[in-house]
Amino acid sequence: MSEKFDCRDAFGKALEELAASDERVVVVVNDSVGSSKLNAFKKAFPERVVNVGIAEQDLIGVSAGLANGGKRPFVSGASCFLTGRATEQIKVDLAYSHANVKVCGMSSGIAYGELGASHHSIEDIAWMRAIADMTIIVPADPVETYQAMHAIHKFDGPVFLRVSRYPVPVVHPEGYQFEIGKAVQLREGSDITIIANGTMVTVALQGAELLAQQGIQARVLNLATVRPIDQQAILKAASETKGIITIEEATTSGSMGGAVAEVVVQNQPVPMRLLGFPGVFMPTGSVSFLFDYFGLNPAGIEKAAFELLGR
Amino acid sequence: MFIYLEDTLITDPKLLYEKSYEIRRHNMKTIVKAKLGHTGGDLSVTDILTTLYFGVLNVDPSNPTDPERDRLILSKGHCSGAFYTILAYRGFFPVEMLDTYEQALSPLNGHPSNTKLPGIEASTGPLGHGLPFGVGTAIAAKMDKSPRRVFVITGDGELQEGSNWEAAMSAAHHKLDNLTVIIDRNGLQQGDYTEATNRLEPLADKWRAFGWEVVEVDGHDHAALLDLFQRVPLQKGKPTCVLAHTHKGQGVSFVKDQVGWHHRVMTQEELAQALVELGEVQA
């Protein structure tokens with residue numbers, strides 16, 4: 001687990017493969033070729049890159065029009081602008097219209113660190129989750145990012161894929177098969193469950209390791225697909241363990257933790273702790289500083305587990 | 001395989017005129033029955049829509065998703081009453097369905113949705129959505145080296161939405177001469193005159209400055225509209241902007257140019273008078 005990867009590289013690699021095998025695949029960007037790591041794609045398929053410039057409403061509308069014209073658009077841009085500035089276009093032009101467009105939010109969460117809260121995208125999952133019929137996927141590592149790209153290409157309908165630039169290790173075992181809507185258990189445990197996605201999956205595994213040293217066996221689930229949510233895996237965890245901790249690089253209001261809580265509270269109530277950013281704008285700081293500042297680390301998981309287990 | 005329906009298109013402006021008044025009459029009855037609708041805007045855009053659907057567009061109601069069809073995007077989606085009436089008369093769905101306009105569970109939603117009815121390219125209603133969509137599908141046609149054309153109809157007040165100008169820039173940049181925007185320039189928006197709300201003029205100059213070929217036309221003159229739509233693109237490598245000068249409420253004297261008729265619905269007495277006016281007008 002030592003070598004770390006920028007998931008945008010896996011995103012670009014998958015996109016090149018998809019473009020090579022499907023002539024309908026096009027990329028739509030808002031001056032974001034470099035920031036999406038699509039320079040190699042642009043070199044290989046210059047005619048398949050539609051750059052609308054710095055204009056996110058146009059970006060989404062154009063992608064919907066391209067889909068209407070028979071193309072398979074993958075929109076790629078900084079998630080903060082893509083999802084925030086074009087929310088209504090995503091709702092109406094894509095989701096309501098069932099447009100076959102994949103919205104790929106780059107450098108999501110707090111990946112832009114010191115650039116500040118204006119450039120953070122901690123709201124994107126909550127915003128997308130409020131829109132009917134949006135499939136939402138938050139891959140954890142390059143393996144899952146790559147596989148998710150191929151899966152969403154096969155999937156008919158609008159998808160929000162959230163990609164980070166923050167380096168992460170590979171967390172999935174060899175032979176892992178990503179499936180839309182399926183949570184995957186990365187560690188067994190019967191005391192509590194930690195549900196994570198994106199950059200926080202590796203933190204969840206480290207947290208489980210720390211808990212194991214205290215004699216607490218934590219189950220770890222990677223819930224890469226936030227919608228459609230894997231109710232079965234969540235309810236199994238709720239019935240087989242004594243509590244659930246969710247951890248994600250997002251606001252705790254309405255993101256993955258909120259989605260899990262909605263399932264738990266209505267079906268199999270167990271105590272929960274939601275780790276993320278608690279409804280505040282970030283102070284200035286690097287990504288790793290901010291993770292620690294808000295307890296998105298193994299110690300934060302340990303603290304939450306102790307609370308749940310009454311230690 | 002695509003069949004070009006030239007033989008079904010109406011090329012006599014007098015017949016287009018008559019068709020547009022038949023549609024107006026049905027549309028007004030539908031609105032009064034539903035007690036909902038956008039009376040003024042429907043009457044404003046009817047001649048443009050009628051000319052396109054019956055005289056210009058390469059569309060086949062029996063094969064509404066043909067990849068090579070022309071695309072018409074009604075960005076001013078609140079004028080669904082006129083739009084649905086024309087789609088029904090053109091054969092996309094049964095005319096009887098108009099009786100369900102805005103009724104519970106009807107596919108004839110207040111604003112058009114592409115998933116509810118055939119013949120609708122884009123779900124519109126929120127303003128400023130149609131032109132970006134049109135730019136995208138026009139780019140797709142260019143990529144395919146297809147002769148299919150794209151027409152987007154916007155309101156004029158709608159141009160206060162910045163997304164139109166994002167799209168206007170990108171259309172010119174991408175040299176989309178297969179794209180025509182038609183502005184239903186009736187001078188009124190929901191609450192007031194456009195010029196009293198957030199000034200649009202000099203509107204033609206704005207579009208020229210954005211790199212479009214601009215032409216002005218009487219938006220109720222079927223002969224002029226037909227001639228123009230048959231001739232676009234007017235200049236190779238440039239998108240076309242048609243500034244169609246119209247009257248909100250065209251055809252009904254007490255509705256014409258009145259700001260209060262944006263979404264007011266006629267009484268039975270008013271409808272009776274309107275139908276007389278809409279039936280009596282001579283070409």
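Chain identifiers are assigned alphabetically (A, B, ...) following the order of the sequence lines, protein sequences preceding nucleic acid strands; residue numbering begins at 1 within each chain.
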message: Do Lys71(A) and Asp144(B) have side chains that approach each other closer than 4.5 Å (heavy atoms only, starting at C-beta)?
response: yes
query: If you draw a 6.0 Å radius around NE2 in His150(A), do more than 12 non-hydrogen atoms from other residues or ligands fall strictly inside?
result: yes
message: Please rank Ala122(B), Pro67(B), Ser146(B), Ala140(B) by heavy-atom pairs under 4.5 Å with chain A and give me the top one.
response: Ala140(B)
- line: Ranked by heavy-atom pairs below 4.5 Å to chain B, first place among Leu59(A), Val92(A), Val52(A) goes to Val92(A)
message: Strictly distance-based, threshold 3.5 Å: is any side-chain N or O of Arg71(B) a donor or acceptor partner for the main-chain N or O of Asn68(A)?
response: yes
message: Quick check for you: to the nearest 0.5 Å, what is the distance between Asn114(B) atom CG and His98(A) atom NE2?
response: 9.5 Å
field: Flag if over 12 foreign heavy atoms under 6.0 Å of CD, Glu201(B)
entry: yes
message: Tell me the closest heavy-atom pair linking Tyr96(A) and Thr115(B), and the distance in Å.
response: O-CG2, 3.7 Å
query: Atom CG of Asp93(A) and atom OG of Ser163(B): how far apart are they, to the nearest 0.5 Å?
result: 9.0 Å
Region of Ser97(A) in contact with chain B, defined by heavy-atom distances below 4.5 Å: both
message: Rounded to the nearest 0.5 Å, what separates atom CE in Met169(B) from atom CD1 in Ile54(A)?
response: 9.5 Å
statement: Okay, Val26(A) and chain B: the region with an atom under 4.5 Å from a heavy atom over there is side chain
- request: Measure across Arg148(B) and Gly69(A) and return the closest heavy-atom pair with its distance rounded to 0.1 Å.
  value: NH2-O, 3.3 Å
query: Is Arg208(B) atom CZ crowded by more than 12 heavy atoms from other residues, nucleotides or ligands, each under 6.0 Å away?
result: yes
Heavy-atom neighbours of Gln103(B) CD exceed 12 at 6.0 Å: yes
- prompt: When rounded to the nearest 0.5 angstrom, what distance separates CG in Leu94(A) from OG in Ser123(B)?
  reply: 10.5 Å
- line: Heavy-atom closest pair (Glu166(B) atom, Asp58(A) atom, distance to 0.1 Å) is OE1-N, 2.8 Å
- prompt: Is the NZ atom of Lys42(A) crowded by more than 12 outside heavy atoms at less than 6.0 Å?
  reply: no
field: Residue Glu23(A) versus chain B: region with a heavy atom under 4.5 Å
entry: neither
message: I'd like to know whether Leu66(A) forms a side chain to side chain contact (heavy atoms under 4.5 Å, CB included) with Thr137(B), so could you lay out the CA-CA distance, the side-chain angles of the two residues, the decisive distance to 0.1 Å, and finally the verdict.
response: CA-CA 5 Å; Leu66(A) 283 162; Thr137(B) 197; over 6 Å; no
- request: Indicate whether any N or O donor in one side chain lies under 3.5 Å from an N or O acceptor in the other, for His129(B) and Glu88(A).
  value: yes
- prompt: Heavy-atom distance under 4.5 Å to chain B: side chain of Gln89(A), backbone, both or neither?
  reply: both
field: Engaged part of Ala141(B) at the chain A interface, taking heavy atoms whose separation is under 4.5 Å
entry: neither
